[in-house]
Colleague: 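Have a look at the structure that comes next, please.
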Amino acid sequence: MFLATRLFRLINSFLFIIYSLFTPAPSTADPITFREPESVKMSFVAYADPQIMPSGYHQVYHENSFEDIVNSGINFDAFVIAGDLTENTDAPSYDIYWEIMDKSPIKNIVIASGNHDLRFNYESNLEMIMGKVEEYIGVSTDKPYYSYTVNGYTFIVLGTETARMDDAYISDEQLSFLDTELASATQGGKPAFVICHQPLSYTHGVPNTVVGNGDLGEQSTQVREILEKHTNVFFLTGHLHDGVSEKSLEVLNEENGVYSLNLPAFGRANEVGEFRQMGLGTYAEVYEGEIIFTVRDFVKGYNLEGCTMTFTLK
């Protein structure tokens, strides 16, 4: 096992050098900017599906994205990862991923687990991931769900409680947790951000997607009912590798201001959508009464044209 790990690391180091030589630094011509920098209450960057392998280019792409963030001069308040940290849940890939994330210029790292993370070796992988969550943001729990508040705004992370190949199992306890946390987080008209790797049933093109059905699973309807009870809820997911298209945004409850945003895959080529390249993510500006999401190619350093969404809070 030790020799295999060493071999993987050597291969990754060699490929990292090669990709570094042929991958340009991110452009500085279109830096990340905020509409009203002095009025931003909270800001964050969100990626989904980094799906690290000992491939070299994943490391290069992350380091480029960090450079792009640093180039902006903006101190983001949080960094959201919506699951599937590695492709194969192998130890060398996790080692590489944590080395990458330990270099993040954004220190409050909010991690959700994906199906690739917990489909095998559930207990040990969950313990490892939640150990890094505790290291990054001080949240200590042995469960795959938790909440974290930054500048008075709350992120609520959901995750499967049993090993599943593609979907998730959400217990009654976790459903109650979600309801309670949302009731508290959305008081006074504040938005709340719920992070879950898998999207809800019959949203974002599900079940007709490139990953098959691709939904949250048996508790999807219950999760949606809880989300729609509250106001100003943003449900951020990944999993579908669908790039950026008209399907990326779903209005779950317009009256209450409840929305679902499916994030493009960062570490895999997206299968469909108007924009399909690797390295895509989004950044959010939270203002009093308004939120702006902008989709960006963090590897090359530019905002995608026509991919800024503004939401007026209820």
Side-chain angles (χ1 to χ4, degrees), residues 34-46 75-82 106-112 130 133-134 136-141 143-159 161 170-197 199-200 203 216 219-237 249-263 282-294 309-314:
F34 289 166
R35 188 187 65 189
E36 300 173 35
E38 301 303 318
S39 300
V40 173
K41 300 296 184 182
M42 193 271 289
S43 62
F44 65 91
V45 170
N75 293 317
F76 282 95
D77 297 302
F79 192 177
V80 171
I81 311 296
I106 308 171
K107 298 310 176 186
N108 294 321
I109 304 175
V110 179
I111 298 173
M130 298 316 298
V133 168
E134 181 174 11
Y136 290 145
I137 58 176
V139 173
S140 178
T141 179
K143 301 183 185 300
Y145 57 92
Y146 63 95
S147 67
Y148 182 66
T149 300
V150 182
N151 295 359
Y153 297 89
T154 302
F155 296 93
I156 303 167
V157 174
L158 305 183
E161 292 172 74
I170 307 295
S171 68
D172 289 344
E173 179 183 355
Q174 187 172 174
L175 291 170
S176 178
F177 166 84
L178 173 63
D179 195 16
T180 300
E181 289 293 317
L182 280 173
S184 174
T186 57
Q187 287 183 3
K190 282 190 174 181
F193 305 93
V194 181
I195 319 302
C196 182
H197 180 63
L200 299 169
T203 61
L216 179 60
Q219 291 77 40
S220 181
T221 299
Q222 293 165 278
V223 170
R224 179 165 183 164
E225 288 173 350
I226 292 170
L227 297 175
E228 290 194 44
K229 281 174 56 179
H230 303 278
T231 57
N232 301 320
V233 178
F234 294 83
F235 189 62
L236 306 182
T237 67
L249 170 66
E250 288 274 351
V251 180
L252 303 182
N253 186 316
E254 187 168 11
E255 182 179 356
N256 284 351
V258 181
Y259 305 94
S260 179
L261 282 74
N262 185 251
L263 302 174
T282 189
Y283 64 92
E285 309 160 55
V286 181
Y287 296 95
E288 190 73 39
E290 196 172 57
I291 299 177
I292 301 173
F293 286 92
T294 302
M309 299 166 283
T310 302
F311 299 89
T312 300
L313 301 177
K314 304 295 181 181

Colleague: Can you name the side-chain hydrogen bond (donor to acceptor under 3.5 Å, both in side chains) partners of Asn108, sequence neighbours left out?
Modeller: Tyr148
Colleague: Give, for atom CD1 of Ile109 and atom CD1 of Ile81, the distance between the pair rounded to the nearest 0.5 Å.
Modeller: 7.0 Å
Colleague: Can any side-chain N or O of Thr149 pair as donor or acceptor with the backbone N or O of Gly152 at less than 3.5 Å?
Modeller: no
Colleague: Evaluate Leu182 against Val194 for side-chain contact (heavy atoms from CB on, under 4.5 Å), listing each step before the verdict.
Modeller: CA-CA 9 Å; Leu182 280 173; Val194 181; 3.9 Å; yes
Colleague: Where do Asn232 and Gly189 come nearest, in terms of heavy atoms and distance?
Modeller: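 So the two residues come closest at ND2-O, 3.0 Å.
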Colleague: Would you indicate whether the side-chain heavy atoms of Pro144 and Glu161 approach each other to under 4.5 Å?
Modeller: yes
Colleague: To the nearest 0.5 Å, tell me how far Met42 CE sits from Thr154 OG1.
Modeller: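 So the gap between those two atoms works out to 8.5 Å.
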Colleague: Going by the rule ring pair (Phe, Tyr, Trp, His ring centres under 6.0 Å), which residues pair with Phe76 if we only count those two or more places apart in sequence or in a different chain?
Modeller: Phe34
Colleague: Test side-chain contact (heavy atoms from CB on, under 4.5 Å) on Leu252 and Leu227 and set out the steps.
Modeller: CA-CA 8 Å; Leu252 303 182; Leu227 297 175; 4.2 Å; yes
Colleague: Would you please name every residue forming a ring pair (Phe, Tyr, Trp, His ring centres under 6.0 Å) with Tyr145, sequence neighbours left out?
Modeller: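 Tyr145 satisfies ring pair (Phe, Tyr, Trp, His ring centres under 6.0 Å) with Phe177 only.
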Colleague: Kindly give the heavy-atom pair with the smallest separation between Lys314 and Glu254, and that separation in Å.
Modeller: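 Smallest interatomic distance, heavy atoms only, reads CE-O, 3.2 Å.
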Colleague: Are Ile291 and Tyr153 close enough that some pair of their side-chain heavy atoms sits under 4.5 Å apart?
Modeller: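 No - every pair of side-chain heavy atoms lies 4.5 Å or more apart.
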Colleague: Can you see which heavy atom on Leu313 is nearest to which on Pro191, and at what distance?
Modeller: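 Result for this residue pair: CD1-CD, 3.8 Å.
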Colleague: If every non-hydrogen atom of His230 is compared with every non-hydrogen atom of Ala183, which pair is closest and at what distance?
Modeller: CE1-N, 3.6 Å
Colleague: Mind checking what makes side-chain hydrogen bond (donor to acceptor under 3.5 Å, both in side chains) contact with Asn256, not counting sequence neighbours?
Modeller: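 side-chain hydrogen bond (donor to acceptor under 3.5 Å, both in side chains) check on Asn256 returns nothing, list empty.
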Colleague: With sequence neighbours excluded, tell me which residues meet side-chain hydrogen bond (donor to acceptor under 3.5 Å, both in side chains) with Ser260.
Modeller: His204
Colleague: Looking at every heavy atom in both Glu36 and Tyr287, which two are closest together, and how far apart are they?
Modeller: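 Taking Glu36 first and Tyr287 second, the nearest heavy atoms are N-OH, 2.9 Å.
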Colleague: What's the shortest heavy-atom distance between Ala192 and Ala185, and which atoms?
Modeller: CB-CB, 3.9 Å
Colleague: If you round to the nearest 0.5 Å, how far is CD of Glu181 from OG1 of Thr186?
Modeller: 10.5 Å
Colleague: For Arg35 and Glu290: C-alpha separation, side-chain torsions, deciding distance, then whether side-chain contact (heavy atoms from CB on, under 4.5 Å) applies.
Modeller: CA-CA 12 Å; Arg35 188 187 65 189; Glu290 196 172 57; 2.6 Å; yes
Colleague: Could you grab the distance from atom NE2 of His197 to atom OG1 of Thr237, nearest 0.5 Å is fine?
Modeller: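 Nearest 0.5 Å value for the NE2-OG1 distance: 8.5 Å.
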Colleague: With a 4.5 Å heavy-atom cut-off, do Ile111 and Val157 have their side chains touching?
Modeller: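 No, their side chains stay 4.5 Å or more apart.
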Colleague: Show your working on side-chain contact (heavy atoms from CB on, under 4.5 Å) between Lys143 and Glu173 and close with a plain yes or no.
Modeller: CA-CA 11 Å; Lys143 301 183 185 300; Glu173 179 183 355; 3.5 Å; yes
Colleague: For the pair Glu250 and Arg224, find out whether any cationic side-chain nitrogen is under 4.0 Å from an anionic carboxylate oxygen.
Modeller: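 Salt bridge: no.
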Colleague: Can you name the residues that form a ring pair (Phe, Tyr, Trp, His ring centres under 6.0 Å) with Tyr259, not counting sequence neighbours?
Modeller: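 Result, ring pair (Phe, Tyr, Trp, His ring centres under 6.0 Å) vs Tyr259: Phe234, Phe311.
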Colleague: Do Phe44 and Phe155 have their ring centres less than 6.0 Å from each other?
Modeller: yes
Colleague: Let me confirm one number: the CG-CD distance from Leu178 to Glu225, rounded to the nearest 0.5 Å.
Modeller: 12.0 Å
Colleague: Between CD1 of Ile156 and OG of Ser147, what distance do you get to the nearest 0.5 Å?
Modeller: 6.5 Å
Colleague: How about Ser43 and Tyr283: do any of their side-chain heavy atoms sit closer than 4.5 Å?
Modeller: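 No, every pair of side-chain atoms sits at 4.5 Å or beyond.
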